[in-house]
Engineer: 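One structure, as structure tokens, below. Some questions next.
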Amino acid sequence: MIKKIALISLFVFSVTGVFSQPKTLDQKVDSVLSLMTLQEKIGQLNQYTDDGAATGPVTVDDKKATQIRNGEVGSLLNCKGVERTRSWQEIAMESRMKIPLLFGQDVIHGYKTTFPIPLAESCSWDLKAIELAARVAATEASASGIQWTFAPMVDIARDPRWGRVMEGAGEDTYLGSLIAAAQVKGFQGNELSDVNSVMACAKHFAAYGAAIGGRDYNSVDISDHTLWQVYLPPFKAAVDAGVATFMTSFNTINGIPSTGNKYLLRDVLKGKWGFKGFVVSDWGSIGEMINHGVAKNGSDAALLAITAGCDMDMESRDYKNHLAQLVKDKKVPVSLIDDAVRRILRKKFELGLFDDPYRYCNAERQQKELFNPEHDKATRQVAEKSIVLLKNENNLLPLSKDVKTIAFIGPLVKSLKQNKGFWDVDVPGVDSTFIVSQWQGLKNKVGKHTKLLYAKGCDIEGDSKAGFAEAVAVAKKADVVILSIGEKRDMSGEAKSRSNIDIPGVQEELEKTLLATGKPVVVLINAGRPLVFNYTADHASAILYTWWLGNQAGNAIADVLFGDYNPSAKLTMTFPRSVGQIPIYYNHLNTGRPATSDKDKNYRSSYLDLSIYPKYEFGYGLSYTTFKYSNLKLSSKEMKPDSSIEVSATITNTGKYDGEEIVQLYLRDLVASLSRPVEELKDFKKIFLKAGESKTIHFTIDKDKLSFYNHDLQWVAEPGKFDLMIGASSRDIRLKDSFELAK
Ligand code: NOJ
């Protein structure tokens, strides 16, 4: 303790004494900078992973402690827990400048409390719930020594083969932008200086989700229009929400690696958008510019990256190894290094690390926040909101709590960790016992008089049918079968692209044998991406798409199965009926020869052997109740430039259950200088209606909603006619009208 106080007072003295009472943040930053050697400056730009903890290919480095003591490291990632972060910070405090380390971590869908994977959460269309998930994650992570999460991933994704679709908000730019802002708010709270806030990181800049063929890390080849119209807006939304950091992407865009893309990083992000935070490379992506064939060696790669505006080097060591020489050789002006260091120091100041480098290392707070029961309540609520009801034949669901016998079958019924999804964090000192399995969730829900039977049936992968007979025998004894199948949690995520996105193994065959018993079968599909499951879609009695829901998965699923929560989620990615349809997304262009139906194949834009329609469209999702849409009104059929139109509609809950509906508003610009999508989401309202209740909802259409990037990349609204559609999904349009934007 004495040692700690001595260190802190020494530190405070250095900041307030030696740096002569600076006033503004910029002055404080500059006063630190003015005392730093070039080597120390470059040190701030260098980030290492902690020993033995890797989320990428590790370069062995046994001199971390010495380097930190020498001021050669600015940040560590994958280092967590108050004890461990404190021990590294103590070493940083032995360095000449005593500049605190930043601790970064992939806190993607929760820290100790695991929330649904981001793609699942996005299906809630509930910005408050999404913000809450990020807030809880920030509270836990910051209590555990961390100040920086590498989230949100705001990459638009149109290809479910790409494993990282699980980490984003789906395919839509408008919704994705709102979600990006909500996540930034949740992680960063009101102020970075609040001890329960962490810096967010908008990643992966840019267009990582457009990897050709859905193969992770693959190249991207897109038009400027698509880049600006589809992929960049969520990043801009993150900047507008005050995001503290950005991460570059691994991919090239039209031949230029993002990590060395001066146009994107310096001209757009730091220039046009005025981003004041700092940019970190993705893991090793500076060095990977050699593999991309745009740099001869590490020195070339470092030159490209620092010139482009990448401030911090995650794990490639090219800044550490080459920047000093590049400065000596006058290839890199010190002003570039200073700019990067300033950006990083500014955040360290804002986080309060210069006031107290150990402010995130409070063991008591860690204990309290990691085991805060409110956090379990929060994840259970968000999980309920993320479950999508895809099918409910004869209103089989919700199940009555008086069912006599339920057979709960499948390889995922009793698993614990699987429920957590890909980016769960291994928190020191925390085991898996706090995870509520699907089996436990059902047991918690049903009364004494309901008998629960179990059989595994088969594995997730492999072709053994040895467990089928037992599963069938169990099913025969039950009134209803619940079958839990899907992917393994690590079949989606980073480097987890799949060319075949069917439900793996013999799981659908197991389902076939269970359906043959004549019992009603409710299927739970656990996955990190849209899968192809035509057999299930066509034959199961009911389907809940449960994604990966986090540590309260079991309770949340049981809440929905028995109607304690009426499902309200709607898909944020299109579900194809075959990989042959990919990429498939709702806001496509019309083409010159659009097919009007699957019979319309004569010189039409269609497939000979496949439908043009997805299995489940963007915006689709059922409820236990039904909603009627009526009474569409527009305040005017003509919109004057710089004015707006008010739109209203009445929604009525026509079913037996109270429930929420996500009412979606789409627009189509009928004639423009560029071909525009057949429909684009421009607004939505999530409303709660009691059974029998009606509500009138209101939307405002302003010029921004009519605007797009034209050929010259100007954001314009062109006069002419627009179709306005209000619906329960992108295909289930219930109300339609049109209006004119006047010249
Ligand atoms: C590589 C991933 O692409 C990125 O998203 C992640 O934040 C870093 N590794 C650090 O783990």
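Every number for a ligand or one of its atoms is a count from 1 in the order of the listing.
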Engineer: Can you find an N or O of E167 that's nearer than 3.5 Å to an N or O of ligand 1?
Structural biologist: no
Engineer: Does the ring of W423 carry K203 above it, NZ/CZ under 6.0 angstrom from centre and within 45° of its axis?
Structural biologist: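 Positive - K203 is close enough to the ring of W423 and near enough to its axis.
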Engineer: Of E494, M314, H204, E315, which has the heavy atom at the shortest distance from atom 5 (O) of ligand 1?
Structural biologist: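 Ranked by closest heavy atom to atom 5 (O) of ligand 1, first place is H204.
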Engineer: Between F103 and Y360 (judged by ring centroids, cut-off 6.0 Å), do the two rings come close enough to count as a pair?
Structural biologist: no
Engineer: Show me which atoms of ligand 1 lie under 4.0 Å from any heavy atom of K203.
Structural biologist: 4 (C), 5 (O), 6 (C), 7 (O)
Engineer: Can you confirm, on distance only, whether ligand 1 has an N/O atom lying under 3.5 Å from any N/O atom belonging to D106?
Structural biologist: yes
Engineer: What do you reckon, are the aromatic ring centroids of Y585 and F618 less than 6.0 Å apart?
Structural biologist: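 Centroid distance Y585-F618: not below 6.0 Å, so no.
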Engineer: Under a 4.0 Å heavy-atom limit, does Q105 contact ligand 1 with its side chain, its backbone, both, or neither?
Structural biologist: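 It is neither; nothing of Q105 touches ligand 1.
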Engineer: Please list, in number order, the atoms of ligand 1 under 4.0 Å from a heavy atom of T55.
Structural biologist: 9 (N), 10 (C), 11 (O)
Engineer: Indicate, as side chain, backbone, both or neither, the part of M247 found under 4.0 angstrom from ligand 1 when only non-hydrogen atoms are considered.
Structural biologist: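 M247 to ligand 1: side-chain contact only, backbone stays beyond 4.0 Å.
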Engineer: Answer with yes or no whether the side chains of S258 and N261 bring together a donor and an acceptor at under 3.5 Å.
Structural biologist: no
Engineer: Suppose we call two aromatic rings close when their centres sit under 6.0 Å apart. Are F575 and Y545 close by that rule?
Structural biologist: yes
Engineer: Between W162 and Y217, does the ring centroid distance fall short of 6.0 Å?
Structural biologist: no
Engineer: Just checking, is any N or O donor in the side chain of H375 or E140 under 3.5 Å from an acceptor N or O on the other one?
Structural biologist: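 Result is yes, a qualifying pair exists.
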Engineer: Which one of D282, T49, L77, V107 has a non-hydrogen atom at the shortest distance from atom 9 (N) of ligand 1?
Structural biologist: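 Going through D282, T49, L77, V107 one by one, D282 has the nearest heavy atom to atom 9 (N) of ligand 1.
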Engineer: Say whether Y208, considering both its backbone and side-chain N or O atoms, lies within less than 3.5 Å of an N or O atom on ligand 1.
Structural biologist: no
Engineer: For F150, counting its heavy atoms only, list the atoms of ligand 1 lying under 4.0 Å from any of them.
Structural biologist: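 So the atoms of ligand 1 that pass are 7 (O).
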Engineer: Would one find an N or O of W423, backbone or side chain, under 3.5 Å from an N or O of ligand 1?
Structural biologist: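 No.
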Engineer: Ignoring hydrogens and angles, tell me if any N or O in the side chain of N218 forms a donor-acceptor pair with the backbone of I212 under 3.5 Å.
Structural biologist: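 Checked: pair present.
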Engineer: Please could you name the atoms of ligand 1 that R164 approaches to less than 4.0 Å, counting only its heavy atoms?
Structural biologist: 2 (C), 3 (O), 4 (C), 5 (O)
